[in-house]
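Here is the structure we will look at, set down as structure tokens.
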Amino acid sequence: MITMKDIIREGNPTLRAVAKEVSVPLSDEDIKLGKDMMEFLKNSQDPVKAEELKLRGGVGLAAPQLDISKRIIAVHVPNGDLENPEPTLSAVMYNPKILSHSVQDACLGEGEGCLSVDREVPGYVVRHNKITLSYVDATGEKQKIRLKNYEAIVVQHEIDHLNGVMFYDHINPENPYALKDGVLVIE
Ligand SMILES: OCN(O)CCCc1ccccc1
Ligand code: NI
């Protein structure tokens, strides 16, 4: 089971490497890794388990954060209202690739954080508002989906990890809250 001790922190060179594509059909090892990553996310969002296991809450995780330089991400985005436990996006993605994106940019009003960054780094992280994404799913099937807003932002944060990019690389060092015209601020 993955816990915080398995997550590498900034300074570890793996976070700055470009991760390798996984072979398809997927190996048992890569399938198990994906399952373990998804289990971590669900545990991290469960108040009892997160407390027991001392987990920081996360909506996404990338294999390089486990010091595994492979193009595998997991995302588990809970639905806002507690009544409806259905997540808005829950998937393990192998070899995810952004095929196209909107001209429209977006950022989270509250900025971003990262399980591999043990500090606050304030500022807007400007990303694409909408993306068209291809990936291989846990069954080995090719998928092609369109995402927007928060789900699109989470997936871009994770794909950045596969390319050695950290969220704060996108923050304007002169003015962390500078925004070009037309960028959608998502609250
Ligand atoms: O890489 C996953 N991770 O460090 C957990 C935080 C994920 C995340 C946080 C804010 C906005 C987008 C994604
Ligand atoms: Ni991260």
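When a ligand or atom number is given, it counts from 1 through the structure's own listing order.
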Would the distance check show the side chain of [X] and the main-chain N or O of [Y] forming a donor-acceptor pair, the cut-off being under 3.5 Å?
X: N95; Y: V22; value: yes
X: E151; Y: V77; value: no
X: R9; Y: S116; value: no
X: Q65; Y: L15; value: no
X: N12; Y: T14; value: yes

Metal-centred angle, NE2 of H157 through the Ni ion (ligand 2) to SG of C114, rounded to 10 degrees: 120°
Which ligand 1 atoms are under 4.0 Å away from a heavy-atom of [X]?
X: G60; result: 2 (C), 3 (N), 5 (C)
X: C114; result: 4 (O)
X: L108; result: 11 (C)

Any N/O pair [X]/ligand 1 closer than 3.5 Å:
X: L115; value: yes
X: H161; value: yes
X: E158; value: yes
X: Q65; value: yes

Taking the minimum heavy-atom distance to atom 8 (C) of ligand 1, which of E110, E151, H157 ranks first? H157
Give me the nearest non-hydrogen protein atom to atom 9 (C) of ligand 1 as residue plus atom name, then the distance to 0.1 Å. G113 O, 3.6 Å
Going by atom types only, do S102 and H128 share a side-chain donor-acceptor pair under 3.5 Å? no
Distance only, no hydrogens: is a donor on one side chain within 3.5 Å (strictly under) of an acceptor on the other, for N149 and N129? yes
